[in-house]
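Numbers here are sequence positions counted from 1.
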Amino acid sequence: QVQLVESGGGLVQPGGSLRLSCAASGFTFSSYAMNWYRQAPGKERELVARITSTGSTTHYADSVKGRFTISRDNAKNTIYLQMNSLKPEDTAVYYCNAQRVDWAFTFWGPGTQVTVSS
């Protein structure tokens, strides 16, 4: 019943932009902080961006700060990741993650591939 479905990934040239979306269902979306993680080949999964349940506070990895923007629309049960000035090192599978405010539950989407290459 719980589902997180990412979309918007693809192939883009260095310096280009993409916007990822994550549609959530099956849980009380407004009670969860939402996160974007990514995992590149041979690398550990890392937290890219986080947004609180109300959308009032965001956090970013140093590697993407100033280039990526996370947002949420609680009316649509959806979060977004706007990615600008993309670099080859941004190539990874990007995962949507939901974390309940009391840390009792966490859910993961299947991921979407982002490839930055000429």
Side-chain angles (χ1 to χ4, degrees):
Q1 187 173 353
V2 172
Q3 283 192 312
L4 297 172
V5 181
E6 302 98 338
S7 62
L11 175 64
V12 65
Q13 291 186 328
S17 298
L18 285 174
R19 189 175 79 155
L20 305 183
S21 299
C22 174
S25 61
F27 62 96
T28 305
F29 185 73
S30 61
S31 297
Y32 285 73
M34 299 296 296
N35 309 288
W36 286 101
Y37 285 80
R38 69 185 182 188
Q39 188 166 27
K43 303 290 186 179
E44 294 185 350
R45 186 172 296 187
E46 64 174 337
L47 177 65
V48 176
R50 181 177 189 271
I51 188 165
T52 55
S53 59
T54 63
S56 61
T57 305
T58 58
H59 302 274
Y60 298 93
D62 288 342
S63 59
V64 307
K65 194 172 297 182
R67 299 188 297 120
F68 291 10
T69 303
I70 188 172
S71 61
R72 69 189 295 158
D73 186 341
N74 283 3
K76 296 181 179 179
N77 286 1
T78 302
I79 65 164
Y80 306 92
L81 185 67
Q82 179 67 47
M83 304 184 294
N84 298 325
S85 301
L86 283 162
K87 305 174 181 179
E89 52 262 44
D90 295 319
T91 296
V93 177
Y94 284 71
Y95 297 92
C96 181
N97 169 260
Q99 180 68 53
R100 207 166 84 172
V101 173
D102 63 0
W103 297 281
F105 297 98
T106 189
F107 308 117
W108 293 89
T112 186
Q113 177 70 48
V114 172
T115 302
V116 184
S117 176
S118 60

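Of all heavy-atom pairs between Pro14 and Ser118, the closest is CD-N, 3.9 Å. Between Arg38 and Phe68, the shortest heavy-atom distance links the atoms NH1-CE2, 4.0 Å. Here the closest heavy-atom approach between residue Ala49 and residue Leu81 is recorded as CB-CD1, 4.2 Å. Across all non-hydrogen atoms, the minimal contact from Arg72 to Ala33 is NH1-CA, 4.1 Å. The minimum heavy-atom distance between Asn74 and Ser53, with the atom names listed, is ND2-O, 3.2 Å. Contact record, Ser85 with Ser17: N-OG, 4.3 Å, taken as the closest heavy-atom pair.
In this structure, Val48 is a member of the same hydrophobic cluster as Leu4, with clusters built from ILVMFWY side-chain heavy atoms closer than 4.5 Å. Connection of Ile70 to Val93 is not established within any shared hydrophobic cluster, with ILVMFWY side chains joined at heavy-atom distances below 4.5 Å, either directly or through further cluster members. Note on Val5 and Phe105: separate hydrophobic clusters, where clusters join Ile, Leu, Val, Met, Phe, Trp and Tyr whose side-chain heavy atoms are under 4.5 Å apart, directly or indirectly. Put simply, Tyr94 and Ile51 are part of the same group of oily side chains (I, L, V, M, F, W, Y) that touch within less than 4.5 Å, one to the next. In the hydrophobic cluster analysis, where Ile, Leu, Val, Met, Phe, Trp and Tyr join through side-chain heavy atoms closer than 4.5 angstrom, Val64 is grouped apart from Leu47.
Here the straight-line distance linking atom OG1 of Thr69 with atom CZ of Arg19 works out to 11.5 Å at 0.5 Å rounding. Distance check, rounded to the nearest 0.5 Å: CH2 of Trp108 to CD of Glu6 gives 10.0 Å.
Counting non-hydrogen atoms of neighbouring residues, nucleotides and ligands closer than 6.0 angstrom, the CD atom of Gln3 reaches no more than 12 such neighbours.
A cation-pi arrangement is not found for Arg100 relative to Phe27, the charged atom failing to lie both closer than 6.0 Å to the ring centre and inside a 45° cone about the ring normal.
By the 4.5 Å heavy-atom criterion applied to side chains, Thr91 and Gln113 are counted as neighbours. Contact annotation: the side chain of Asn35 never approaches that of Tyr95 to less than 4.5 Å [non-hydrogen atoms, C-beta and beyond]. Considering only heavy atoms from C-beta on, Asp90 comes within 4.5 Å of Arg67 through its side chain.
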Checklist entry - Do Leu11 and Ser117 pass the side-chain contact (heavy atoms from CB on, under 4.5 Å) test, and can you show the C-alpha distance, the side-chain angles, and the key distance before you say yes or no? => result CA-CA 7 Å; Leu11 175 64; Ser117 176; 4.2 Å; yes

Next on the checklist: Let's go through Cys96 and Trp36 carefully: what are the C-alpha distance in whole Å and the side-chain angles of both, what is the deciding distance for side-chain contact (heavy atoms from CB on, under 4.5 Å) to 0.1 Å, and is it a yes or a no?
Outcome noted: CA-CA 5 Å; Cys96 181; Trp36 286 101; 4.1 Å; yes

Checklist entry - side-chain contact (heavy atoms from CB on, under 4.5 Å) between Leu20 and Met83: does it pass, once the steps are laid out? => result CA-CA 8 Å; Leu20 305 183; Met83 304 184 294; 3.7 Å; yes

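Centroid-to-centroid, the aromatic rings of Phe107 and Tyr32 come within less than 6.0 Å.
Looking at Gln99 and Asn97, their side chains never bring a donor and an acceptor atom within 3.5 Å of each other.
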